[in-house]
Each structure stands twice: as structure tokens, then as C-alpha cells.
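These notes concern the structure reproduced below.
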Amino acid sequence: MLPPDFFTRDVETVARALIGCTLLVDDVGGMIVETEAYAPHDPAAHSFRGLTPRTRPMFGPPGRSYVYRSYGIHWCLNMVGGAAGSAVLIRALSPEHGLEAMRARRGTIDDRLLCAGPGRLCQALGITDAHNDLPLDEAPFALLPRIGAPEIAVGPRIGISVGVDTPWRFGLAGSRHVSRRFP
DNA sequence: CTATTGATGTTCT
DNA sequence: GAACATCAATAGA
């Protein structure tokens, strides 16, 4: 369980602080090794054009989930935090708990690709729109603090066409479970 | 290793 | 119609 004010800090701080924390959904998951921050006046953010039915969770209270459909195929998980309209995209985990469940859902035994990417991670953990706009400190979610202070790698965010110069992608330095290498 | 392309549904212009 | 916070498969160097 994280401290109550964990998600009320600015979104970049939250994105960095999530690296090394453990995320579980129904006891399946692992350590967060890659995140990205999105802010309301950030052209790459879904919230950039204001509150819509889809982005409503981003304007709700911090410490809840925002799950959206990506490219019509995948689900992606965010954690709402910072100022209204901000969220942190969870991009990769190191798979540690419930490996067999994750392998079965993903249809692969390649542990390196189990949770390396926002879409893969949601498939491995069974996250769908049923998990949208839920509190992260209650079942089926569990969020555990990290041990110590990890070295954080930084770079530009992935898969966007605007806001590409904002270095708001964060990773656990040296992790082999990130979705892409850091510069 | 890099580059390209198809799949697919929702949101916004 | 176009764009999209992606992924897997394929082709080539």
C-alpha cells in the first residue's frame, strides 16, 4: 500500500516514483519498470482537448485507473495523478507473480515479452475496460511500495507524433523488461 | 538488427 | 474520413 498522498504530487514525480513499485491485478503482475507522464496542457495527452466521456477518469480524483482502447485492439492502463487531466501510462513490468497465468493469456513462454509494452502488459494481467476508473488501492488492484531508490533512465515518449521533445518516459535503468531500450 | 505493413474500434474533425 | 499513448509478422541487410 502506498502513502495516501502518493498520487497528489506532480505527474512527472509520480511517474518516476512508480518505477520499482509492484503492480498486481488479482495477484498477477510484477515490478513496474517503465512509465510515461501525460499532462493536461501536453498536446500528446488524451486530455489535451478537454474533458470527454473517454478522458473523464483523467479529470477525476488521483489514485484511480484510466484504461483506454489503443488502435482498436489493445487495452492500455494509466494511473491518474498530479493536476487534473494528468495520468501516468504504465508501459512495462518485470513479470514476477502469476507467471503461468500471464503466459497463458499472452500465448507465449517468452518472459521477456510478457509485459514489455502497454498492450502486452494489459493482456498479461487481464486488464480490460472493466478495470477503467477504479481505485488502485482496492481489489482487484494492489500497488506495493518499492524497496530503495532505483536508478531512473529518461527519454522521449514512444508512439506519439506531438510533444516528442518532452522527456517524460521513465525506466528502471538496465532492466531487460522495458518495451524499448533507452537512449 | 531495422523497416514496413496489416489488423482493428473509438474518437474527433 | 483521418488519426490513433500498439503489436505481430514479414522481408531485407
(request) Cation-pi check, A:Arg157 to A:Tyr38: give yes when NZ or CZ is under 6.0 Å from the six-membered ring centre and within 45° of the ring axis, no otherwise. (result) yes
(message) Is the terminal nitrogen or CZ of A:Arg56 (NZ for Lys, CZ for Arg) located under 6.0 angstrom from the six-membered ring centre of A:Phe59 and within 45° of that ring's axis?
(response) no
(message) Considering every strand and a 4.0 Å limit on heavy-atom distances, what is the contact class for A:Arg106: base, sugar-phosphate, or nothing?
(response) sugar-phosphate
(request) Check every strand shown and say whether A:Thr52 touches a base, only sugar-phosphate, or nothing at a heavy-atom separation below 4.0 Å. (result) sugar-phosphate
Atom-pair distance ([atom1] on [X]; [atom2] on [N]), nearest Å:
X        : N      : atom1 : atom2 : value
A:Leu113 : C:dA9  : CG    : C1'   : 13 Å
A:Leu89  : C:dC4  : CG    : C1'   : 14 Å
A:Arg157 : C:dT6  : CZ    : P     : 11 Å
A:Tyr66  : B:dT10 : OH    : P     : 14 Å
A:Arg49  : C:dA3  : CZ    : P     : 12 Å
A:Asn132 : B:dT10 : CG    : P     : 14 Å
A:Phe48  : C:dC4  : CZ    : C1'   : 16 Å
A:His74  : C:dA3  : NE2   : P     : 19 Å

Report yes if at least one side-chain N or O of [X] is closer than 4.0 Å to OP1 or OP2 of [N]; otherwise report no.
X        : N     : answer
A:Arg54  : C:dC4 : no
A:Ser179 : C:dT6 : no
A:Arg69  : C:dT6 : no

(message) Is it the case that the base of C:dA5 and the side chain of A:Tyr71 share a donor-acceptor contact (distance under 3.5 Å, atom types as modelled)?
(response) no
(request) Would you mind checking if A:Arg91 and A:Glu36 are paired as a salt bridge, meaning a charged N to carboxylate O distance below 4.0 Å? (result) yes
(message) Looking at B:dT8, which nucleotide sits across from it as a Watson-Crick or G-U wobble partner, both distances under 3.5 angstrom, or is there none?
(response) none
(request) Quick one: look up who C:dA5 pairs with, Watson-Crick or G-U, both distances under 3.5 Å, and put none if it's unpaired. (result) none
(request) Would you say whether A:Tyr68 stacks on C:dA5? The test is a distance between ring centres of less than 5.5 Å and an angle between planes of less than 30°. (result) no
(message) Checking contacts here: which listed nucleotide (C:dT6, C:dC7, B:dC12) is nearest the side-chain heavy atoms of A:Ser70?
(response) C:dT6
(message) Around atom CD of A:Glu151, are there more than 12 heavy atoms from other residues, nucleotides or ligands closer than 6.0 Å?
(response) no
(message) Quick check on DNA chain C: between A:Gln123 and A:Ile160, whose nearest nucleotide comes earlier from the 5' end?
(response) A:Ile160
(request) Would you mind telling me which of A:Asp133, A:Asp137, A:Asn78 makes a side-chain hydrogen bond (donor to acceptor under 3.5 Å, both in side chains) with A:Arg64? (result) A:Asp133
